[in-house]
Amino acid sequence: MSTTTMLFCAILCALLVAQASCAEEVSLPRSVKVCNRRSSDYSSCLRLAIQESWLTFVKGIPQLQLPVLDPMSMDYIESNYQAAEISGRFSLRDVKTYGLARTNFLAVRPYFSGNTMNMEIDVEVPKAFIDGNYKADGSIGLYKIGGKGYFNVSIDHISATWSLEGHVDDDRWIIDHLHIYPDVEKLKVHFTDLFNGNDELNKAALSLVNEYWQVFYKGFLPSLEKHWDQYLSDFLNRFIFSKISVSKVFP
Ligand SMILES: *[C@@H]1O[C@H](CO)[C@@H](O)[C@H](O)[C@H]1NC(C)=O
C-alpha cells in the first residue's frame, strides 16, 4: 500500500470509528433510577431520580465522556452587551463555574405527546462562584471602556426553571432548545483592569456594577440565555441523549 492509501484508510477508519461511537448505545450507571411514564407519580419519580443521580452526573461519567460539572469548564464565550447607555463586546476565557453539585431539584414537569418531548425542571442552587479571564471593549455613553483581565462573580441563591424543548427521533431525545432564566438573590462581581490598568476607574466601575447589579444582570440575560441555549442543548445532546434510548430511560 502506498503511504497515501494508508493515510486515506487511517482517516476513513477514524471516521467510521467516530461514527460508530456516536451511534453507540451506552447504559446509564445502575444507580440512576428509571421511572415509568404510566405511573401515577411520574413527575415526582423523575424529580427524585434526577436529584438522587445528580452527583453521579456532576462527578462526570467516563462511559458517556461526560465531563465533570462542578466545576464546570467553558473554554470560550463571546457576546455583545447592550443595555441603556452601555454597549460593547466581551469574551470570556477559561470560565469555571463552582457550586452546581449543590443543586436542589424542586419539581419536574414532563410534557410528552407524539414526538414532542418537553420537560420543565425547577432548580435552586444555594451558592455559585464563577471565575475566568475576560476581554471587553465598548462604551458608556460617549466614554470608551475596555480592557482585559481576571473576573469573578459570587452568587447567592439562584432559582431557575430549565425549560427543555425537544423531540424524539429514532428513539433518541433530541433537545432543540434549553431556556433558562435564573433569578438571583445576591450577586457580587470582581474584575481587574477594565480600563487597561487604570485602578481608579476600575474601582469606580466595580462599585457602579455592584451597586446596580440587577440592572446589569438584566442586560446580560438575553445574551447569556442565547449562549446557554446553544451550549447546553448541544452539551446534553452530545454527552447524554445521543447515547441513550428514550424507550429505556423514559419508558
Ligand atoms: C475575586 O477576585 C478578587 C479580585 O481579583 C479577589 O481579591 C478575590 O480573592 C477573588 N475571590 C475569590 C473567592 O477567589
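Note that the coordinates shown come from a computational prediction; the quantities given were computed from them, not determined experimentally. Read the numbers this way: they start at 1 and go in the same order the structure lists the ligands and their atoms.
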TODO: Would you please say whether a donor-acceptor pair under 3.5 Å links the side chains of Tyr150 and Asp131?
DONE: yes
Task: Parallel, tilted or perpendicular: rings of Trp162 and Phe105 (30°, 60°) - done: perpendicular
Open item on the list: I need the contact type for Phe191 against ligand 1. Using non-hydrogen atoms and a strict under-4.0 Å cut-off, is it side chain, backbone, both or neither?
Closed with: neither
Task: Flag: protein heavy atom within less than 4.0 Å of atom 5 (O) of ligand 1 - done: yes
Task: Side chain, backbone, both or neither: Phe129 near ligand 1, heavy atoms under 4.0 Å - done: side chain
TODO: Would you mind checking which non-hydrogen protein atom is closest to atom 2 (O) of ligand 1, with the distance to 0.1 Å?
DONE: Asn152 ND2, 2.3 Å
Open item on the list: Which heavy atom of Ile61 sits nearest to which heavy atom of Thr56, and what is that distance?
Closed with: CG1-O, 3.7 Å
Task: N/O separation below 3.5 Å, His190 to ligand 1 - done: no
Task: Positive for side-chain contact (heavy atoms from CB on, under 4.5 Å) with Pro182, one of Thr161, Leu221, Ile155 - done: Leu221
Task: Asn210 side-chain N/O to Leu206 backbone N/O, donor-acceptor pair under 3.5 Å - done: yes
Open item on the list: Would you say atom 14 (O) of ligand 1 makes contact with the protein, given that contact here means a non-hydrogen protein atom less than 4.0 Å away?
Closed with: yes
